[in-house]
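Worth saying up front: this structure is predicted, and the values here are computed from it rather than measured.
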Amino acid sequence: MNESVVGNGEVSTGHMNQRARDILMSNDLGGYTVPNKNVYPFQWNWDSAFVALGFAEFDIDRAWKEIETLFDAQWQDGFVPQIVFWQENDGYFPGASVWQTGKTPATSGITQPPVAASMVRQIWEMDKSDKNRAHIEHLFPKIMAWHRWFDKYRDPLNKGLVVATHPWETGRDNAPEWDEPAAAVDISAIGPYERRDTLHLDKKMRPHKEDYDRFVAMVEYGRAQNWDHKTIATEGPFRVVDVGMTMMLIRANKDMLALANEFDFEKDAVEIGNWIHRAQKGVDFLWNDKIGAFCSKDLISGRSSGIISSATFLCFYAGVGSDMQRASVSRNLEKIATTTRFLMPSLLPDNPRFDAMRYWRGPVWAVVNYMISKGCREVGLVDLSERIKLDTAALMKQSGFYEAFNPETGEGTGGEDFSWTAAMWLHWAGK
Ligand code: GLC
């Protein structure tokens, strides 16, 4: 019998741990980790933050390095890019020559969910040694500058919410919440381009051509504005308040506040406290009474998406909402738990746009599950929290460390040997 398989036919935890570590080490290109060698051969922002948690389980210095390398690419105004092109690789489109941000290192011109603060705090909680204190002192002002950038450029309503200017900023690239807002984006002038994602992966998992044309048009728009973030966020063709980024930023600010208090950064603590205070009320702007949940909202049309996605359930992680709102969201969650084999589908299976294998229209992502599960535990939804963790572990044991998973069958979707999936096993699901 294969040693890695235990009596009941399951892969042993020891084997899974080893496999997960091997994936992180083999995707480590020296100071940063690629999400997947073929599909995503550069450094991605929120991927690196989650990946650091995986490294922290066996090499804490390497964990800090991952986040510090990301912040080495921070722009002067505090912006931290979605992608850092540390070296050339033509396996991905759009590459540095398409973005043309004119920075060194080359980066894309959009950002991604600000989860770094939360992961930094988590690593600090794992080991409060003097050596790690120095890393916090080094990173804290950089993260602060990024959060100030969000405050300055991405909160035009002054409510503590986050406006996304490209679907890729949300990290949920192809979620149906972006369908209507993106449909209004003019694609008549886009130049010819050649996708690379469909060379590596089955078309049925990836966005349709119409979606991709719009993604490209939005990149071309930003480039035409020389990546002037003020203009892009106030006049751009796509401006949607993303419920996911908003909840993650609120949580990140709460984690920053905890660090600021612990490290006596008093002035920062006051500033962060104000952000949190404003956002706790501001989220009402996203509340959709008909659906009974917080939903993304298009600033251009003023319309709520009316869609429950996995991001909806991050309200517990952010710790926001009245008792009534929380009760309503947890009723929605319990309903999905009884009808879905593996939690948390990125879109509810009863939505007509649900597609079990296609990007952000059905599949389960381990990193989102981690945040939802953590939030559920914190608000006392302990059984649901545990169920989400067990489902995540079961998916990985059944199919390996895929990018995402089919919520009905457990089949892997997207890239194989994926860094953040392996990291989530090591730090959370495999424990
Ligand atoms: C896809 C995901 C995004 C992620 C990236 C790299 O674009 O939608 O969230 O950061 O892949 O893993």
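Closest non-hydrogen pair, Pro407 versus Gly362, comes out as CG-O, 3.4 Å. Closest non-hydrogen pair, Pro114 versus His147, comes out as CB-NE2, 4.2 Å. Listed here is the closest heavy atom pair of Phe42 and Glu88: CE2-C, 4.4 Å. When every heavy atom of Gly171 is checked against every heavy atom of Gln112, the shortest pair comes out as CA-NE2, 4.1 Å. Heavy-atom minimum distance, Arg341 versus Asp391: O-OD2, 3.5 Å.
No more than 12 heavy atoms of other residues, nucleotides or ligands shown are found within 6.0 angstrom of CG on Asp383. For Asn158, the CG atom counts as densely surrounded, since its 6.0 Å shell holds more than 12 non-hydrogen atoms of other residues, nucleotides or ligands.
When side chains are defined from C-beta on, Glu386 counts as touching Arg377, because their heavy atoms get closer than 4.5 Å. Within the 4.5 Å cutoff, no side-chain heavy atoms of Trp178 are placed close to those of Arg214. Residues Glu262 and Trp124 have side chains in contact (heavy-atom distance under 4.5 Å, counting atoms from C-beta outward). In this structure, Asn27 and Phe418 have side chains that are not in contact, with every pair of non-hydrogen atoms separated by 4.5 Å or more. At a threshold of 4.5 Å between non-hydrogen side-chain atoms, the residues Asp186 and Pro237 do not count as touching. A 4.5 Å side-chain heavy-atom check between Pro167 and Met218 finds at least one atom pair inside the cut-off. Side-chain contact between Met245 and Phe150 is present, with at least one heavy-atom pair separated by less than 4.5 Å. Proximity of Leu53 to Met424: side-chain heavy atoms (C-beta onward) are separated by under 4.5 Å at one or more points.
If you take CZ on Phe401 and CH2 on Trp425, they are separated by 6.0 Å, rounding to the nearest 0.5 Å. For the atom pair CD1 of Ile83 and OG1 of Thr107, the computed distance is 9.0 Å after rounding to the nearest 0.5 Å. Here CG of Leu259 is found 8.0 Å from CD1 of Ile143. Values are rounded to the nearest 0.5 Å. Of the inter-residue distances, the one linking Ser419 atom OG with Leu24 atom CG reads 5.5 Å to the nearest 0.5 angstrom. A distance of 8.0 Å separates OG1 in Thr413 from CG in Leu201, rounded to the nearest 0.5 Å. With rounding to the nearest 0.5 angstrom, the CZ atom of Arg251 is 5.5 Å from the NZ atom of Lys374.
The aromatic ring centroids of Phe50 and Trp365 lie 6.0 Å or more from each other. Residues Phe405 and Phe342 keep their aromatic ring centres 6.0 Å or farther apart. Aromatic ring centres of Phe140 and Phe263: separated by at least 6.0 Å.
With sequence neighbours left out, Arg206 forms a side-chain hydrogen bond (donor to acceptor under 3.5 Å, both in side chains) with Tyr40, Asp197, Tyr359. Under the rule for a side chain to side chain contact (heavy atoms under 4.5 Å, CB included), the partners of Ala63 that lie at least two apart in sequence or sit in another chain are Ala52, Phe55, Ala56, Ile123. With sequence neighbours left out, Glu180 forms a side chain to side chain contact (heavy atoms under 4.5 Å, CB included) with Arg353. Scored by the side-chain hydrogen bond (donor to acceptor under 3.5 Å, both in side chains) test, Trp146 finds Thr111 as partners (sequence neighbours excluded). With sequence neighbours excluded, the residues that form a ring pair (Phe, Tyr, Trp, His ring centres under 6.0 Å) with Phe79 are Trp75, Trp149, His229. With sequence neighbours left out, Asn369 forms a side-chain hydrogen bond (donor to acceptor under 3.5 Å, both in side chains) with Thr392. Partners of Glu220 according to the side chain to side chain contact (heavy atoms under 4.5 Å, CB included) rule, which considers only residues two or more places apart in sequence or in another chain, are Ile190, Val216, Arg223. Contacts of Asp417 classified as side chain to side chain contact (heavy atoms under 4.5 Å, CB included), with partners at least two apart in sequence or in another chain: Arg19, Ile23. Every residue two or more places apart in sequence or in another chain was checked for a side-chain hydrogen bond (donor to acceptor under 3.5 Å, both in side chains) with Lys103, and none qualifies.
The existence of a salt bridge linking Glu271 and Lys267 is excluded, since no basic side-chain nitrogen approaches an acidic carboxylate oxygen closer than 4.0 Å. Taking a cutoff of 4.0 Å between a charged side-chain nitrogen and a carboxylate oxygen, Glu125 and Arg121 qualify as a salt bridge.
For residues 149-173, the set of pairs meeting the salt bridge (Lys or Arg N to Asp or Glu O under 4.0 Å) definition, not counting sequence neighbours, comprises Asp151-Arg278, Arg154-Glu169, Asp155-Arg278, Arg172-Glu177, Arg172-Asp242. For residues 422-431, the pairs satisfying salt bridge (Lys or Arg N to Asp or Glu O under 4.0 Å) are Glu57-Lys431, with sequence neighbours left out. A ring-ring contact (aromatic ring centres under 6.0 Å, His included) check over residues 292-321, counting only residues at least two apart or in different chains, returns the pairs Trp287-Phe294.
Under a 3.5 Å cut-off, the side chain of Ser310 and the backbone N or O of Met344 do not form any donor-acceptor pair. Side-chain atoms of Arg196 never come within 3.5 Å of backbone atoms of Val39 as a donor-acceptor pair (strictly under, hydrogens ignored). Side chain of His200 to backbone of Gly91: a donor-acceptor contact under 3.5 angstrom is found. Put simply, the side chain of Thr69 gets close to the backbone of Gly31: a donor and an acceptor are under 3.5 Å apart. Formation of a donor-acceptor pair under 3.5 Å by the Ser48 side chain with backbone atoms of Asn45 is not found in this model. Between the side chain of Lys297 and the backbone N or O of Asn288, no donor-acceptor pair lies under 3.5 Å. A donor-acceptor pair under 3.5 Å is formed between the side chain of Arg358 and the backbone N or O of Lys203. The main-chain N or O of Gly410 is found under 3.5 Å from a side-chain atom of Ser399 such that the two form a donor-acceptor pair. Without hydrogens or angle criteria, Ser305 side chain to Cys295 main chain gives no donor-acceptor distance under 3.5 Å. In this structure a side-chain-to-backbone donor-acceptor pair under 3.5 Å is present from Asn36 to Glu416.
Ring-plane geometry between Trp428 and Tyr370 is classed as perpendicular, the angle between the planes exceeding 60 degrees on a 0 to 90 degree scale with a lower cut at 30. Between Trp227 and Trp99, the two ring planes are tilted [angle within 30° to 60°]. Taking the six-membered ring for Trp and thresholds of 30 and 60 degrees, Trp46 and Trp420 have ring planes more than 60 degrees apart, a perpendicular arrangement.
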(request) Start with the C-alpha distance between Ser118 and Met248, add both sets of side-chain angles, then the distance that settles side chain to side chain contact (heavy atoms under 4.5 Å, CB included), and finish with yes or no. (result) CA-CA 9 Å; Ser118 301; Met248 286 183 262; over 6 Å; no
(request) Evaluate side chain to side chain contact (heavy atoms under 4.5 Å, CB included) for Asp355 paired with Lys204, printing each intermediate quantity in order. (result) CA-CA 9 Å; Asp355 185 338; Lys204 73 169 190 282; over 6 Å; no
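There is a side-chain donor-acceptor pair under 3.5 Å between Asp284 and Gln325.
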